[in-house]
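The structure under discussion appears below in the form of structure tokens.
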Number of protein chains: 2
Amino acid sequence: MSDMRKTPTIQDVARFAKVSTATVSRALSSPERVSLGTRDRVSEAIRVTGYTLNQAARSLRQRAAKTILVALPDIRNGFFSSILDAIEREATNRGYSVLVANLYLGHESARRLEGYLFSNRADGLLLLDGSLDPQALRVLTTAPHSFPMVVACEDIPNAGFHRVLTDNQVAAERATRHLIDLGHRRIGHLVGPENNVVARERNAGFVSALRQAGIEPNPQWLIRGNFEMQAGFAAAARFMTLSERPTAVFAANDESAIGFLSGLRQQGIECPRDISIVGFDDLEVAAHYRPALTTMRQPRETLGRLAAETLIDLLEDDGTTRSAMHIVLNCELIVRGSTAPLAQ
Amino acid sequence: MSDMRKTPTIQDVARFAKVSTATVSRALSSPERVSLGTRDRVSEAIRVTGYTLNQAARSLRQRAAKTILVALPDIRNGFFSSILDAIEREATNRGYSVLVANLYLGHESARRLEGYLFSNRADGLLLLDGSLDPQALRVLTTAPHSFPMVVACEDIPNAGFHRVLTDNQVAAERATRHLIDLGHRRIGHLVGPENNVVARERNAGFVSALRQAGIEPNPQWLIRGNFEMQAGFAAAARFMTLSERPTAVFAANDESAIGFLSGLRQQGIECPRDISIVGFDDLEVAAHYRPALTTMRQPRETLGRLAAETLIDLLEDDGTTRSAMHIVLNCELIVRGSTAPLAQ
DNA sequence: CGGTGTAGTGCAATCGATTACATGCGGTTG
DNA sequence: CAACCGCATGTAATCGATTGCACTACACCG
């Protein structure tokens, strides 16, 4: 407390080690360019003075913050928090810090992202939000000084972005086909948020699977949702008012599937006896829910890791403007107790 | 793409507006000190040049990164991700960015934190990890240049930290008493990780409630866990091997309670018919689980917001070294379907 | 022995914004 | 009218690390 000197700088270290600041700097960032003896003296000086690097100064000089920005729609969702976890791991391994930005409204978000990125706080963006206003995105792309960016989870075709995705549409088809294979013909879909790319792809996969099986989708059975548990719960009430009800439902994600199941139970509908449900994501709780949830597993850890890898590779590849990466990961159908053959 | 000039600086703006850089800087950070006419010219110049602030340069000069570091044990846990969400909101509102650091091992963590903080990447630390090695913490405290820091969730008494907590022990007592009130006498506890402060407090509350009711806790009924769902699931198997089994269990958190319930069901034990369970946290899924989980609700949003507020207040209070804050929030017992009166 | 190469180090400019201090100017006051 | 004040603005130092260039000393080669 009494020791209120300012924090030591590279100057202090230099003075103590009786070398120039240039040498100290080199001893830190490229030790092989410094003789063994000096290196030791510098280490000792650092120890004694308690020196730590000032990242702001380094960033200013090197024009790089060694930081990536992760923009996501909802940290609280287990799907995103897992991905964030994987990203953070990979980034830390490679010496990068992770800034998080939660984008509640698709609207003002773009301004926020701009502010973040163009201010040298972050060197690149990892965008996980499928709901972002397309016009907002255009700002990011067409900005006079565009910067490295990878979109993950959501597809934004034809924009030249690097992308790391899962095959949402194909996976949704497979999930739906699973229900068809069980004999279901009256199949509904608990939809994700409007204007969300991922939600639309899953919807498309759903429709496509039905059509392939010669079933015409019933628009009444597209039940509004928004990926959230509460919305799934509310959807159950609306479901009950349908004059004719599906015997199976493909939910756009696990959270809403769980809310939906919970709502249905309250209405006396039992799963899988009265209805079969497939979810999407394979959240950890899916296996422990009752009934255990049949779901499409997304390789979340892999997805997060690859996304981070791709972005950081991009940042460190100076100039070598490779053509846009496009990685697509497969999902895996996990069959559990929430789906059953159609009762005769 | 052909437009590869470097990003515009305050110099460019100044040149364009025909004023000095000082004036531009003032127009941005204290507009009232600049005449209306110049202010307009500067705005226009900023618009035309597409200028954005270089945060690194500002941080260097002002010795403040306008960034806080949030250190937590597991982002994937719904409890922490909710808190992180609240923190991020508050921080953003007040113009701060949020860096996240996941601390897997209680060990190397301290080094990492040190590195982060003493490098001017972040101005302060929000510590949410109850498992941090005490010795590691000492490093942070006794460092010659200690910095603002708030611990949340976990209590670290006598260290002079600012703290924002819930009354874990009292809440655990209340949760346990709820079981006692229902007539249960053989009550077990699904424990959190060893060396975790929060886990210990809840354990203490559990024991204290029993003692107050004249019940001597049975050491056999302290079931090992670590806050994770999987551990709860595994615990159920061990539970089955007990010669005499409790009729009720207080789980240290909802995640492990859910895993435990799932494991028990697999063993044919029905809740609440055969056993009553109380959890802790009130995760969103708790209300939608089956049975709906009786649990102690922690005011997560409030907790996150207050923690962020406290830290930022601290950062902006130059010098006014107030004595350490100590905020304690109350939890609320939410009674749902997982607890029932002891069957005679 | 002169020339060339190279390892090790220092000097000083540089990154971009902020800010203490200085300046000029119009207006007020005693 | 001189002294003074305050507003608006400019000048230039400053934050702390990096790095291009220059220099020295020594080794090696023909």
Side-chain angles (χ1 to χ4, degrees), chain A residues 5-43 45-46 49-67 95 115 117-121 123 145 318, chain B residues 5-43 45-46 49-67 95 115 117-121 123 145 318:
Chain A
R5 294 179 319 232
K6 353 176 299 183
T7 84
T9 74
I10 203 173
Q11 322 282 341
D12 301 320
V13 176
R15 200 172 313 122
F16 192 95
K18 302 203 194 312
V19 294
S20 72
T21 62
T23 300
V24 176
S25 175
R26 284 188 283 251
L28 284 172
S29 37
S30 39
E32 75 283 359
R33 300 180 34 73
V34 168
S35 76
L36 207 66
T38 347
R39 216 186 297 170
D40 287 347
R41 289 218 314 288
V42 170
S43 304
I46 288 177
T49 55
Y51 167 78
T52 53
L53 180 72
N54 182 319
Q55 181 65 34
R58 173 182 274 184
S59 297
L60 175 59
R61 179 62 221 239
Q62 298 194 324
R63 301 151 163 280
K66 281 284 200 171
T67 298
L117 285 153
F118 295 125
S119 68
N120 279 27
R121 275 172 127 105
D123 306 322
H145 311 281
D318 31 23
Chain B
R5 295 178 319 231
K6 352 176 298 184
T7 84
T9 74
I10 203 172
Q11 322 283 341
D12 301 320
V13 177
R15 200 171 314 123
F16 191 95
K18 304 203 193 311
V19 294
S20 72
T21 62
T23 301
V24 176
S25 175
R26 285 188 283 249
L28 285 172
S29 38
S30 40
E32 76 283 0
R33 300 180 33 73
V34 169
S35 75
L36 206 65
T38 2
R39 214 185 297 171
D40 287 346
R41 288 218 314 288
V42 170
S43 305
I46 289 178
T49 56
Y51 167 77
T52 54
L53 180 73
N54 183 318
Q55 182 64 35
R58 173 182 276 183
S59 296
L60 174 58
R61 180 60 221 243
Q62 298 194 325
R63 300 151 164 282
K66 281 285 201 168
T67 298
L117 285 152
F118 294 126
S119 68
N120 278 26
R121 273 174 129 105
D123 307 321
H145 311 281
D318 32 23

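Lettering follows sequence order; numbering is per chain, from 1. Quick caveat, the model's predicted, so the values are computed rather than measured.
- Under 4.0 angstrom from either OP1 or OP2 of C:dG16 there lies no side-chain N or O belonging to B:Gln55.
- Side-chain N or O atoms of B:Arg39 include one that pairs as donor or acceptor with a backbone N or O of B:Pro31 at under 3.5 Å.
- The two atoms that bring B:Ser25 and B:Ile10 nearest to each other are N-CD1, 3.7 Å, heavy atoms only.
- Here D:dC15 presents its C1' atom at 10 Å from CD of A:Gln11, a figure rounded to the nearest Å.
- Side chain of A:Asp12 to backbone of A:Thr9: a donor-acceptor contact under 3.5 angstrom is found.
- Side-chain atoms of B:Arg26 come within donor-acceptor range of the base of D:dG10, with a qualifying N/O pair under 3.5 Å.
- Nearest-nucleotide mapping onto DNA chain C: of A:Thr21 and A:Val34, the residue sitting toward the 5' end is A:Val34.
- Under the side chain to side chain contact (heavy atoms under 4.5 Å, CB included) test applied with A:Val13, the options A:Val24, A:Val19, A:Thr23 reduce to a single match, A:Val24.
- Close to D:dG16, at under 4.0 Å from its OP1 or OP2, lies no side-chain N or O of A:Tyr51.
- With rounding to whole Å, A:Asp12 atom CG is found 9 Å from D:dG16 atom P.
- Checking the phosphate oxygens (OP1, OP2) of D:dT9, a side-chain nitrogen or oxygen of B:Thr38 falls inside 4.0 Å.
- Listed pair B:Arg58 / C:dT18 meets the phosphate criterion, a side-chain N or O lying under 4.0 Å from OP1 or OP2.
- Across all strands shown, B:Val19 has heavy atoms under 4.0 Å from sugar-phosphate atoms exclusively, and none from any base.
- Between the C1' atom of D:dA8 and the CZ atom of B:Arg41 lies a distance of 12 Å, rounded to the nearest Å.
- Of the candidate nucleotides C:dG16, D:dG16, D:dT19, D:dG16 has the atom nearest to the side chain of A:Thr9.
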Exercise for the section: List the steps and the verdict of side chain to side chain contact (heavy atoms under 4.5 Å, CB included) for B:Arg121 and A:Thr67. Expected result: CA-CA 10 Å; B:Arg121 273 174 129 105; A:Thr67 298; 4.1 Å; yes
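- Residue B:Arg15 contributes atom CZ, which lies 16 Å from atom C1' of D:dG10 at whole-angstrom precision.
- For the pair A:Leu28 CG and D:dA17 C1', the interatomic distance rounds to 10 Å; values are reported in whole Å.
- Taking the side chain of A:Leu60 as heavy atoms from C-beta on, and the options C:dG16, D:dA17, C:dC11, the nearest nucleotide is C:dG16.
- B:Asp123 has its CG atom 18 Å from the P atom of D:dC15, to the nearest Å.
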Problem - Criterion side chain to side chain contact (heavy atoms under 4.5 Å, CB included) on A:Val42 and A:Val34, from CA distance to verdict - result: CA-CA 10 Å; A:Val42 170; A:Val34 168; 5.8 Å; no
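- Ranked by how close their nearest DNA chain D nucleotide is to the 5' end, B:Ala57 and B:Gly37 are led by B:Gly37.
- In this model, the phosphate group of D:dG10 is approached by a side-chain N or O of B:Ser20 to a distance below 4.0 Å at OP1 or OP2.
- Remark: the A:Arg61 side chain and the C:dT14 base include a donor-acceptor N/O pair separated by less than 3.5 Å.
- If you measure from atom CG of B:Asp40 to atom C1' of D:dA8, you get 15 Å, rounded to the nearest angstrom.
- Put simply, B:Thr23 has a side-chain N or O that comes within less than 4.0 Å of OP1 or OP2 on D:dG10.
- Close to C:dG16, at under 4.0 Å from its OP1 or OP2, lies a side-chain N or O of A:Arg63.
- Summarising the geometry, the separation between CZ on A:Arg121 and P on C:dG16 is reported as 17 Å, rounded to the nearest angstrom.
- Within the structure, every side-chain polar atom (N or O) of A:Ser35 is placed at least 4.0 Å from both OP1 and OP2 of C:dA7.
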